[in-house]
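Some notes on the structure that comes next.
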Amino acid sequence: MPRVAIAACPDYQDEHVAAAVAALFGALGEDLRAGPGERLLLKPNLLSAAAPERAATTHPAVFRAVAQALAARGAVLTYGDSPGIENTERVARVSGIAAAAEALGIPLAEFDTSEEVAFPEGRVLKHIYVAKGVLEADGLVNLPKFKTHALMTFTGAVKNLFGCIPGTLKAKEHVRHPNADDFGEMCVDLAAYLRPRLSVMDAVVGMEGNGPRSGAPRRIGLLLASADPVALDAVAGAIAGLPPSAVPTTRIGGETGLGTSDLDRIEAIYFRDPSDPAAAPETAPASRIARGLLVPDFRLPDAVHSTVRFVTTTGVRALRGFVLNRPTIDPARCSRCGACVRACPTEPKSLAADGPRDVPHYDYRTCIRCFCCQEMCPAGAIDVRKAPFGFLLGLKSRPRK
Ligand code: SF4
Ligand code: SF4
């Protein structure tokens with residue numbers, strides 16, 4: 001039975017995070033595959049150049065504690081990620097990860113270039129462009145953030161691995177897999193190829209609402225870890241109030257055998273007070289532990305996936321405006337930076353500004369609703385507007401309730 005270890009962690013003070021990580025590592029025991037001399041790549045969420053308080057990126061205190069625990073086992077570490085449109089060094093610096101890494105002598109891995117690898121077992125990804133820094137490592141330790149996501153509803157361990165594909169190549173995958181289910185299948189294939197040794201999720205302060213970049217920080221007070229990224233996402237999603245079926249990567253990851261999404265078939269080990277070594281953890285089916293940790297009124301993004309699949313696969317394009325949720329820009333909040341236009345993966349772009357001082361406008365006829373523009377907007381100026389008749393196609397704007 002897969003195991004997910006969960007440790008309470010009230011804040012990002014180093015001693016609290018280190019105690020939580022020690023508890024997680026102790027609970028996972030033989031699930032931890034990190035031997036002396038092994039080259040392990042740490043893969044935090046470096047979505048964008050945002051300060052740690054914004055909760056858009058993995059907190060440096062979590063990065064530091066996991067790195068120290070792995071180094072103590074003799075692992076040789078590197079780190080890296082491919083942000084949406086920004087430079088990795090800048091994102092690492094602003095998010096505090098670069099300083100944490102430099103203090104521990106952990107170099108940034110090569111993420112600007114990639115190699116094409118064959119993956120014949122893949123369901124939708126038969127060939128994958130993977131960052132060289134990932135391929136040069138013996139294994140990968142995944143450090144996702146507990147956040148909502150406009151396209152995927154929730155982004156966790158499986159989705160975090162998308163950053164192992166370098167920048168512009170990620171945009172191509174968005175175009176090739178335009179709806180959430182297709183995109184979820186692609187992410188699951190990628191995770192099946194990468195097989196992270198371990199995933200440690202930063203849920204001390206997560207993000208709710210308009211995630212993964214412009215939502216509101218929400219204190220969750222937990223760190224979670226597992227060798228099974230699907231099980232980890234299933235448990236984290238349940239704590240956010242989402243059943244496994246509501247998150248494509250979790251549902252598909254369970255269906256395809258990448259991992260276990262059935263909460264009754266996952267063992268959860270919960271440390272209520274990791275700083276007290278005498279306090280025994282609670283061990284129970286994850287369904288029960290997650291119920292006890294449920295974050296009340298956690299705000300989800302507006303889900304879009306069921307309608308996008310219908311409209312893009314049945315030829316009823318004339319209905320798009322009525323049934324598909326869509327991104328919209330609030331001119332009052334827009335700084336005219338153009339990041340949304342640069343992030344748009346369609347060719348030609350589905351949004352453009354008439355001039356450098358103008359707010360970009362959308363062409364909803366070509367927009368595939370990937371929400372990369374919303375993800376990359378540094379001003380939080382892009383909202384998701386609900387379609388008036390989305391409910392006719394079974395759109396569940398709030399999957400859990
Ligand atoms: S306009 Fe936004 S949602 Fe539409 S395709 Fe471009 S990035 Fe995706
Ligand atoms: S909507 Fe956001 S990303 Fe786009 S130009 Fe305005 S501020 Fe920049």
Side-chain angles (χ1 to χ4, degrees), residues 47-50 54 56 82-87 90-91 94 148-153 155 159 162 165 167-184 186-187 209-216 248 301-313 317 319-387 390 395 397:
L47 173 72
S48 60
R54 295 271 304 278
S82 175
I85 53 172
E86 293 166 289
N87 170 283
R90 176 172 143 71
V91 176
V94 177
T148 51
H149 193 280
L151 177 64
M152 306 303 285
T153 306
T155 171
K159 168 69 175 61
F162 188 45
I165 298 177
T168 53
L169 297 167
K170 287 200 297 188
K172 287 187 180 153
E173 296 302 339
H174 267 296
V175 174
R176 286 180 61 208
H177 310 285
N179 66 61
D181 284 350
D182 290 343
F183 193 76
M186 185 275 298
C187 289
N210 198 19
R213 174 169 179 157
S214 302
D302 290 320
V304 292
H305 39 87
S306 57
T307 47
V308 172
R309 170 177 275 283
F310 183 87
V311 172
T312 55
T313 57
R317 289 171 184 270
L319 292 176
R320 292 172 73 95
F322 298 104
V323 296
L324 292 185
N325 292 356
R326 58 188 190 179
T328 59
I329 296 175
D330 177 357
R333 284 181 276 155
C334 175
S335 64
R336 282 75 166 165
C337 69
C340 52
V341 178
R342 292 195 294 280
C344 181
T346 62
E347 194 54 56
K349 303 274 186 188
S350 298
L351 81 166
D354 294 332
R357 301 173 70 90
D358 293 319
V359 175
H361 51 82
Y362 286 95
D363 181 348
Y364 292 117
R365 294 167 305 172
T366 59
C367 169
I368 60 173
R369 269 64 165 184
C370 66
F371 294 95
C372 291
C373 50
Q374 185 245 15
E375 190 171 321
M376 285 301 121
C377 174
I382 302 180
D383 297 316
V384 179
R385 181 170 295 170
K386 278 189 189 174
L395 175 68
S397 61

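Start at 1 and go down the list; that is how both ligands and their atoms are numbered.
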Provide the number and element of each atom of ligand 2 under 4.0 Å from a heavy atom of P378. 3 (S)

Between atom CD of E375 and atom OG of S48, what is the distance when rounded to the nearest 0.5 Å? 8.5 Å

Honestly, for R336 the part within reach of ligand 2 (heavy atoms, under 4.0 Å) is backbone

Suppose the cut-off is 2.8 Å; which protein N/O/S atoms would you list for atom 4 (Fe) of ligand 1? C367 SG

Minimum-distance pair of heavy atoms, taken over all atoms of T366 and S350: OG1-OG, 3.0 Å

May I ask you to identify the nearest protein heavy atom to atom 8 (Fe) of ligand 2, giving residue, atom name and distance to one decimal place in Å? C337 SG, 2.3 Å

To the closest 0.5 Å, what do you measure between NE2 (H149) and CG (L47)? 8.0 Å

Test of understanding: with ring pair (Phe, Tyr, Trp, His ring centres under 6.0 Å), list the residues that count as partners of Y362, not counting sequence neighbours. Y364

N, O or S atom of C340 closer to atom 2 (Fe) of ligand 2 than 2.8 Å: no

What I want to find out is whether E173 reaches R176 closely enough, with some N-O distance under 4.0 Å, to be called a salt bridge. yes

Do you know which two heavy atoms are closest between M376 and R213, and how far apart they sit? O-NH1, 3.0 Å

Could you work out, with salt bridge (Lys or Arg N to Asp or Glu O under 4.0 Å) as the rule, every residue matching R333, not counting sequence neighbours? D330, D383

Strictly distance-based, threshold 3.5 Å: is any side-chain N or O of T148 a donor or acceptor partner for the main-chain N or O of G209? yes

Heavy-atom nearest neighbour in the protein, as seen from atom 5 (S) of ligand 2, with distance rounded to 0.1 Å: G338 N, 3.2 Å

Give the numbers and elements of all ligand 2 atoms closer than 4.0 Å to a heavy atom of I329. 1 (S)

Between H174 and F183, what is the ring plane arrangement, given parallel below 30°, perpendicular above 60°, and tilted in between? parallel

Just need the protein heavy atom nearest to atom 6 (Fe) of ligand 2, so name the residue and atom and give the distance. C334 SG, 2.3 Å

Within 4.0 Å of some non-hydrogen atom of P345, the atoms of ligand 1 are 7 (S)

Protein heavy atom at shortest distance from atom 7 (S) of ligand 2: S335 N, 3.3 Å

Between Q374 and P212, what is the shortest heavy-atom contact and its length? OE1-CD, 4.1 Å

For atom 2 (Fe) of ligand 2, the closest protein heavy atom turns out to be C377 SG, 2.4 Å

Residues in side chain to side chain contact (heavy atoms under 4.5 Å, CB included) contact with P360, at least two apart in sequence or another chain: I329, C334, C340, V341, L351, A353

Ligand 2 versus I382: contacting region, heavy-atom distance under 4.0 Å: side chain

